[in-house]
Amino acid sequence: MKLNYRDKMILIVVFVLLIIVAGFMLFIKPAIDECSQASSDLESAKVQLSELEDQVDKDKNLAAEIQTLYTSTSQVAANFYDYQVAYKATDKVRELFNVDDVKIKNSNMTISSYGSTVLSPFAYQSTATATDFDTKVDEYNNASTTDSSAADANADANAAAEDPNAAAGQTIGYYSLNIQFKSSLSGFKNFADNLTTNNEKSMVIENVNIENVNESEISGSMTLNMYVLKKLADPSAS
């Protein structure tokens with residue numbers, strides 16, 4: 001069958017259109033989709049870059065902040081014994097027993113393995129009595145000045161509300177030592193007084209049982225707790 005000129009032109013146009021559609025579907029559309037995906041990835045990368053830049057800006061003083069926290073933590077840790085092996089802990093107790101005005105003799109000393117316990121906050125309540133005159137003076141002072149104790153109480157309450165762990169007990173390491181001892185009464189009193197000094201803040205007498213007392217000597221048993229904080233490494237040294 002012979003095609004006339006009009007039919008030939010129609011076939012050529014259809015063929016060209018098919019080539020254009022096929023080229024669009026095979027090449028142009030995937031390129032457009034790829035370009036769109038690349039544009040989306042670029043916007044996402046810009047957002048991530050902005051977030052990272054903000055984080056870098058926030059962390060620019062991180063080293064100084066870490067050092068400040070380390071200093072404050074070290075000041076707290078200075079009130080406690082450093083982590084040590086058990087025999088070093090018993091050596092420390094014997095050292096305290098051998099002070100000139102103490103001289104406690106221990107016939108037996110056992111120490112627990114290193115463990116942990118919870119230290120809870122302690123609120124001191126005075127047992128001192130007040131006279132009527134003291135009460136009148138307090139009423140006058142409270143009427144003329146701001147009650148600072150109430151303000152402190154409110155501040156503590158607000159702090160506890162903001163930080164629920166602020167008033168909670170804190171876990172800390174410790175050794176427990178059970179000791180049979182003999183000493184003079186004055187020597188034992190001096191030993192107990194020495195535990196209240198700044199050097200021995202974290203060693204406490206958990207309990208004491210006096211079994212024999214005479215004019216020159218007392219004997220019995222006691223339990224000492226030695227509270228320990230492991231020291232942190234200085235970040236400036238790394």
Side-chain angles (χ1 to χ4, degrees), residues 62-124 156 159-160 163-213 216-238:
L62 185 60
E65 292 173 0
I66 291 175
Q67 189 63 42
T68 299
L69 289 173
Y70 169 77
T71 300
S72 61
T73 302
S74 296
Q75 290 172 349
V76 173
N79 295 319
F80 295 86
Y81 293 101
D82 195 3
Y83 175 76
Q84 56 197 303
V85 293
Y87 76 88
K88 289 289 186 181
T90 57
D91 286 348
K92 180 60 182 178
V93 173
R94 291 190 178 94
E95 177 185 323
L96 296 174
F97 282 177
N98 287 327
V99 174
D100 288 340
D101 58 353
V102 174
K103 296 301 182 185
I104 293 178
K105 300 176 182 178
N106 65 284
S107 57
N108 184 38
M109 180 186 300
T110 60
I111 184 169
S112 69
S113 58
Y114 179 76
S116 62
T117 187
V118 176
L119 292 184
S120 300
F122 174 77
Y124 173 75
D156 292 341
D163 183 4
N165 296 322
Q170 299 297 317
T171 301
I172 189 172
Y174 85 116
Y175 292 104
S176 181
L177 299 100
N178 294 310
I179 303 165
Q180 298 287 333
F181 73 94
K182 292 181 179 180
S183 73
S184 64
L185 179 58
S186 62
F188 184 82
K189 288 181 178 178
N190 290 334
F191 170 73
D193 287 340
N194 290 342
L195 294 186
T196 64
T197 63
N198 290 337
N199 293 330
E200 312 302 337
K201 282 183 178 178
S202 66
M203 184 182 293
V204 299
I205 299 175
E206 180 70 13
N207 59 65
V208 60
N209 179 33
I210 305 298
E211 299 167 355
N212 297 303
V213 181
S216 60
E217 188 177 71
I218 63 173
S219 63
S221 61
M222 62 177 160
T223 301
L224 293 177
N225 283 348
M226 177 184 286
Y227 295 103
V228 174
L229 272 182
K230 295 184 179 181
K231 304 299 188 294
L232 298 175
D234 189 345
S236 63
S238 60

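Side chains are part of it too, since the values below use all heavy atoms of this structure and drop only hydrogens, waters and symmetry mates. Everything numeric here is computed off the predicted structure, so don't read it as measured data.
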Novice: Can you spot which of V93, I104, I111 makes a side-chain contact (heavy atoms from CB on, under 4.5 Å) with I179?
Specialist: V93
Novice: Can you measure from CE (M109) to CG (L177) and round to the nearest 0.5 angstrom?
Specialist: 6.5 Å
Novice: If you round to the nearest 0.5 Å, how far is CE of M222 from CG of N178?
Specialist: 10.5 Å
Novice: Return yes if some donor-acceptor pair links the side-chain N/O of K103 with the main-chain N/O of N98 below 3.5 Å, else return no.
Specialist: yes
Novice: Decide yes or no for T68 and E65: does some side-chain heavy atom of the first lie under 4.5 Å from some side-chain heavy atom of the second?
Specialist: no
Novice: To the closest 0.5 Å, what do you measure between CD (E206) and OG1 (T117)?
Specialist: 8.0 Å
Novice: With a 4.5 Å cut-off on side-chain heavy atoms, are L229 and D82 touching?
Specialist: no
Novice: Is V213 close to L185 at the side-chain level, that is, under 4.5 Å between some pair of heavy atoms?
Specialist: no
Novice: S116: what forms a side-chain hydrogen bond (donor to acceptor under 3.5 Å, both in side chains) with it, not counting sequence neighbours?
Specialist: none
Novice: Below 4.5 Å, heavy atoms only, C-beta onward: do E95 and D91 meet side chain to side chain?
Specialist: no
Novice: Is the ring pair Y175/Y83 parallel, tilted or perpendicular, if the boundaries are 30 and 60 degrees?
Specialist: parallel
Novice: Working to the nearest 0.5 Å, report the span between CD1 of I210 and OG of S219.
Specialist: 7.5 Å
Novice: Has the side chain of N225 got a donor or acceptor atom that lies under 3.5 Å from a matching backbone atom of S176?
Specialist: no
Novice: Less than 4.5 Å apart, any side-chain heavy atom of S221 and any of E211?
Specialist: yes
Novice: Starting at OG of S112, measure out to CE of M226 and round the result to the nearest 0.5 Å.
Specialist: 10.5 Å
Novice: First locate atom OH of Y227, then atom OH of Y174, and finally report the distance between them rounded to the nearest 0.5 Å.
Specialist: 7.5 Å
Novice: Please verify the inter-ring angle class for F188 with F181; under 30° counts as parallel, over 60° as perpendicular, anything in between as tilted.
Specialist: parallel
Novice: Less than 4.5 Å apart, side chain to side chain, heavy atoms only: is that true for I205 and T223?
Specialist: no
Novice: Could you tell me whether the side chain of T171 and the main chain of V118 form a donor-acceptor pair under 3.5 Å?
Specialist: no
